[in-house]
Amino acid sequence: MRVTIDRLGVQGDGLAQVDGVPLFVLGALPGETVEAVLTAPRGDGWAARTETVVADANPDRIAPICGLFGRCGGCSLHHLSDTAQAALKTDRIRRALQRQGFESVPMRPLAMSPPASRRRASFAARRTVKGVILGFHEAASATILPLEACPLLRPALVAALPPLRDALADILPAGGTVDLVMTESGAGLDVALIGLAAPTLPQRETLAALADRLDLARLAWALDATSPVESLAERRAPWLPLGGVRAIVPPGGFLQATAEGEAALLAGVRAALAGVPARAPIFDLFAGLGTFALPLAADGFRVTAVEGLADPLTALDRAARQAMLSVTTQQRDLERRPLLAAELAGAAAIVIDPPRAGAKAQSQELAASTVPVIAAVSCNPDSFARDAALLAEGGYRLDWVQPVDQFRWSPHVELVARFSR
Ligand SMILES: C[S@@+](CC[C@H](N)C(=O)[O-])C[C@H]1O[C@@H](n2cnc3c(N)ncnc32)[C@H](O)[C@@H]1O
């Protein structure tokens with residue numbers, strides 16, 4: 001079917017209308033006329049894939065460097081130049097802010113992570129009659145695409161795929177599936193098998209031997225994404241260097257997707273806090289493992305780190321105590337029990353880095369506070385813009401936004417913003 005693309009959608013597909021039916025065409029860019037093949041129903045319309053560009057190729061189109069582009073569900077923007085991706089993502093933030101009434105916010109140049117920098121990825125595996133298939137899902141499909149190479153991932157992750165695939169042949173039942181979450185830590189690879197039935201003793205032995213053979217730092221498993229993750233073999237505790245300290249990553253714990261992205265977010269937070277007096281008391285809300293709390297404490301700030309989960313907070317506390325950094329930890333659900341404006345009194349600055357849903361309740365309390373500076377980190381421009389509007393209603397000025405891209409070749413974008421009053 002021949003269609004002309006109007007614009008890019010939020011998932012990086014080229015959007016077109018055919019007789020009023022929306023088409024989401026992977027691999028097509030605005031202005032192009034493409035020959036497209038329908039792949040699956042999607043919402044009110046259809047997902048489709050580009051066969052060929054027939055006319056008016058977009059000037060920002062480049063030749064994809066990945067042979068799986070167009071089929072693999074991992075990336076949707078391999079055909080768009082880095083410059084155009086940066087413009088697209090910056091514009092995505094700008095439009096989200098405009099919808100909330102922010103007309104002209106100074107935007108810093110986007111910081112994009114390089115290829116081969118993703119240190120965590122989630123893969124799918126299925127045992128078939130022809131053996132185990134391990135890779136990413138095909139776009140808009142439950143089919144798993146076998147992965148041999150990937151320009152997105154750290155080389156250590158790619159290198160571990162074939163031996164892991166072979167070992168799963170002894171673990172998975174016929175037709176069985178499992179997700180593999182792999183992280184490259186300072187101590188080596190940390191692998192979690194998610195969606196595995198409780199391993200038998202011989203299977204545990206097989207997996208422990210595999211951990212030895214691949215020199216994994218840790219191999220763990222969980223029944224499903226919401227169940228606790230149990231270590232099968234912990235040969236070295238996986239750690240990340242945060243603020244010059246080794247923070248031990250709990251199984252399944254959150255970490256920024258690339259070291260370069262983490263550095264860019266931290267640089268943005270430090271820039272936002274420039275001028276805040278050294279040794280001043282600050283809060284790090286949604287602190288996780290201490291990506292910001294530990295380096296900021298190493299900078300001299302007296303940090304109170306607040307986080308909902310016990311495991312990362314314990315790891316953060318341990319790392320801070322080992323390095324004798326000034327960090328106090330508090331476990332608290334900040335959505336149900338946000339820190340009240342009165343509790344924030346006396347803080348010289350707040351760092352806040354909520355999950356995708358944002359931090360509505362906490363932002364309402366911040367809006368009522370007297371804290372002079374807020375460094376807001378976000379992985380979702382829409383929830384960020386909603387929370388920014390709450391802060392603006394409370395009298396905060398949005399000074400600038402620093403876009404950060406840890407997910408090149410996808411439409412995903414993150415940011416740091418500075419608010420002051
Ligand atoms: C985007 S991560 C940021 C973590 C950390 N700042 C970092 O950069 O590594 C969001 C963090 O918020 C925590 N979290 C999610 N919901 C929460 C809640 N309702 N209350 C407190 N913490 C929460 C998660 O456990 C996670 O550690």
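Reckoned from all heavy atoms, side chains included, excluding hydrogens, waters and symmetry mates. Whatever order the structure lists ligands and atoms in, that order sets their numbers, starting from 1.
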Looking at [atom], what's its closest protein heavy atom, distance included?
| atom | result |
| --- | --- |
| atom 19 (N) of ligand 1 | Asp333 OD1, 2.9 Å |
| atom 14 (N) of ligand 1 | Phe286 CD2, 3.7 Å |
| atom 10 (C) of ligand 1 | Asp353 O, 3.4 Å |
| atom 20 (N) of ligand 1 | Leu334 N, 2.8 Å |
| atom 8 (O) of ligand 1 | Gln256 NE2, 2.7 Å |
| atom 15 (C) of ligand 1 | Pro355 CG, 3.6 Å |

Residue pair Arg127 / Pro173: nearest heavy atoms and the distance that separates them =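 For Arg127 and Pro173, the tightest heavy-atom pair comes out as CB-O, 3.7 Å.
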
Side chain to side chain contact (heavy atoms under 4.5 Å, CB included) with Leu134: which of Val178, Leu161, Asp166?
->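 It is Leu161, the one option of Val178, Leu161, Asp166 that forms the side chain to side chain contact (heavy atoms under 4.5 Å, CB included) with Leu134.
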
Would you mind running through ligand 1 and noting each atom that sits below 4.0 Å from a heavy atom of [X]?
| X | answer |
| --- | --- |
| Pro354 | 1 (C) |
| Arg332 | 20 (N), 21 (C) |
| Ala287 | 5 (C), 6 (N) |
| Phe292 | 6 (N), 8 (O) |
| Leu309 | 25 (O) |
| Thr291 | 7 (C), 8 (O), 9 (O) |

Shortest heavy-atom approach to atom 22 (N) of ligand 1 - which of Gly308, Ala357, Cys379, Pro338 |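 The nearest heavy atom belongs to Gly308.
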
Measure from atom 27 (O) of ligand 1 to every heavy atom in Glu307, Glu262, Glu335 and give the option owning the shortest one.
-> Glu307

Stacked cation flag Arg418 on Trp400, 6.0 angstrom / 45 deg =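 Output no; distance or angle outside limits.
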
With only distance considered, is Asp284 within less than 3.5 Å of ligand 1 through an N or O on each side?
->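 No; every N/O pair is 3.5 Å or more apart.
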
